[in-house]
**Q** 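Following this message is one structure expressed as structure tokens.
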2 protein chains.
Amino acid sequence: MTEQLPPDVIAQLRALDPAVTPELAQSSWALLTPFHEKAGYTAPNIARDQAYGDHPRQRLDVHTGDDDQGGRPVFVFVHGGGFVRGDKHIPGAPQYDLVGAWAVRRGYVGVTITYRLAPEYQWPSGAEDVAKAVQWLRQNIAGYGGDPDKIVVAGNSAGAVHVASFAAGQGSGAGADPETIAGAALLSGIYEIGTPEAGSPEHVYYGPDPGPEVSSLPGLLEAPIPLLFSVAERDPRFFQEAAASLVRAWIARHAAMPDLVWVEGHNHMSTIGSLTVDEAALGTALARFVDRHTATEGTEGAA
Amino acid sequence: MTEQLPPDVIAQLRALDPAVTPELAQSSWALLTPFHEKAGYTAPNIARDQAYGDHPRQRLDVHTGDDDQGGRPVFVFVHGGGFVRGDKHIPGAPQYDLVGAWAVRRGYVGVTITYRLAPEYQWPSGAEDVAKAVQWLRQNIAGYGGDPDKIVVAGNSAGAVHVASFAAGQGSGAGADPETIAGAALLSGIYEIGTPEAGSPEHVYYGPDPGPEVSSLPGLLEAPIPLLFSVAERDPRFFQEAAASLVRAWIARHAAMPDLVWVEGHNHMSTIGSLTVDEAALGTALARFVDRHTATEGTEGAA
């Protein structure tokens with residue numbers, strides 16, 4: 001946890017055009033990767049491609065440390081990619097083994113999952129895959145030192161949309177409740193779906209004319225599990241508006257602000273890459289969320 | 001920075017009635033003080049009661065370390081107290097020497113100020129005193145190892161209102177601009193003043209029928225300096241609404257979310273007491289804000 005991005009690298013990240021493009025991904029990872037290489041982005045053990053379903057995209061990797069201590073919190077990461085692409089693991093690159101390595105450094109079992117993609121699989125396939133992966137973890141994660149009652153699921157971008165959808169109870173899978181997961185972290189997500197523009201990622205995943213039932217916001221406002229949200233300083237306007245809209249709905253429902261992390265200096269692609277190498281941006285808050293909501297001894301009782 | 005509040009203490013803090021009362025202050029500090037005593041809440045050197053004006057409340061304490069390195073960022077703290085009470089220093093207690101000690105641990109010069117109080121001194125006396133203190137610091141802080149071009153001013157509760165008022169250019173003092181301060185941190189403040197209820201702190205400071213010119217929000221939206229805001233998880237509804245209202249105005253003006261820290265587990269009184277003993281709550285984000293906006297080498301250029 002000691003590597004820290006120097007200010008000039010943050011400045012370079014901040015100078016990038018925030019539009020969500022392949023160029024942004026390439027430039028962001030070009031800046032971040034050397035620091036992840038220095039810090040190390042692979043956990044001591046990675047059990048690859050455990051099947052949580054029959055489809056070849058229903059796979060997960062389990063990241064663990066070197067000792068055999070059990071009862072650990074389980075940190076699950078669902079990648080982004082505009083509903084149509086992305087993977088849990090790019091060989092030879094920190095995406096997204098770094099999340100597993102971060103989890104292990106923080107004392108958790110790390111899990112990175114992938115899921116079925118649009119256009120072949122549309123809403124609510126993402127929520128159903130998250131539910132299925134969680135079901136697999138509840139049955140199997142103790143064998144890796146994880147506590148099935150301490151699962152926190154995080155998603156980024158489209159991954160956040162799927163986790164939000166799961167947390168809001170969408171899809172035919174069992175919804176999220178305190179019996180299934182201990183919390184959900186939604187990083188740079190969107191929670192309301194209007195009429196998608198032709199060619200947009202939402203158009204591909206939701207179809208041309210989705211109904212109000214695809215929006216996760218109403219369900220999130222009533223979710224029986226703790227939620228953390230984040231928005232990056234350099235997220236494009238679309239995601240800034242989504243965060244502001246969430247705040248508006250949350251204060252109206254709860255008379256309180258949501259647990260929302262403003263990820264300083266980072267963009268839509270670099271947010272998840274801030275883990276380990278720039279803990280002050282997101283990792284500190286994320287670990288605190290996990291620690292608090294997986295604490296034993298009934299410390300939650302006062303909530 | 002190694003002391004950390006145990007989860008059960010956070011749980012006890014969260015269980016307190018959030019209403020801003022003397023009982024909340026007493027209970028919060030009773031929980032926090034042992035940890036500050038263990039961590040140490042006094043900087044190696046404290047130059048007490050430097051006069052930045054003629055009034056006996058126009059005084060500041062300068063907190064420094066043991067070496068004579070110069071050019072340090074300067075972290076200024078303006079206490080709360082409902083416009084009518086409060087002090088920079090309660091002898092034998094961590095309020096608010098702990099802020100100076102935190103600043104020194106973070107490599108800054110710490111400054112804690114006090115200011116004139118209502119009802120004798122009304123709006124915009126707070127903004128004028130902050131301006132006057134900053135003027136004094138710009139002239140004198142180099143003698144304590146501080147860089148006058150790296151002053152960040154933070155305020156809590158009524159102190160945040162005064163710092164916001166200063167940052168928004170209210171009062172006859174020179175307003176905040178990049179030539180005077182490098183940034184402002186507004187912790188659990190209010191930025192819009194309606195018609196105050198009789199007996200409320202706002203009634204005492206602003207009078208019974210203040211005009212729209214007393215609200216700092218319009219000025220904050222145009223402030224030429226970086227701003228950080230925070231709201232505590234257990235701030236009362238009044239402050240939650242103020243934060244949500246700020247988000248609404250900020251997104252409308254900037255098409256982006258403000259730099260807003262949600263202070264997990266803490267209340268209106270304990271937020272500032274989280275420094276050093278619970279850095280993940282506020283200190284990490286606050287230090288990052290200070291570091292970024294006082295960085296030399298032109299790393300701000302890319303903003």
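Throughout, a chain's letter reflects where its sequence line sits, starting with A, and its residues are numbered from 1. All of these numbers come straight from a predicted model, not from anything done at the bench.
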**Q** Run the side-chain contact (heavy atoms from CB on, under 4.5 Å) check on R14(A) and R292(B) step by step: do they pass?
**A** CA-CA 12 Å; R14(A) 294 181 72 246; R292(B) 170 168 149 190; 2.7 Å; yes
**Q** Under a 4.5 Å heavy-atom cut-off, does chain B meet the side chain of I10(A), its backbone, both or neither?
**A**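 Just its side chain gets close to chain B.
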**Q** Can you tell me if W262(A) uses its side chain to pair, donor with acceptor, with the backbone of P258(B) under 3.5 Å?
**A** yes
**Q** Indicate yes or no for a side-chain donor-acceptor contact from Q240(B) to the backbone of A255(A) under 3.5 Å, with no hydrogens or angles considered.
**A**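 A pair under 3.5 Å: no.
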**Q** Between L13(B), V247(B), I251(B), T284(B), which has the largest tally of heavy atom pairs under 4.5 Å with chain A?
**A**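 Result: the option with the highest number of such pairs is I251(B).
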**Q** Assess whether a salt bridge exists between R288(A) and E233(B), defined as any Lys/Arg side-chain N lying under 4.0 Å from an Asp/Glu carboxylate O.
**A** no
**Q** Looking at D235(A), V231(A), D259(A), which one has more heavy-atom pairs under 4.5 Å with chain B than the rest?
**A**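 Looking at each option in turn, the highest pair count goes to D259(A).
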**Q** So what's closer than 4.5 Å to chain A heavy atoms on A281(B): side chain, backbone, both or neither?
**A** both
**Q** Quick check: do L260(A) and M257(B) have side-chain heavy atoms less than 4.5 Å from each other?
**A** yes
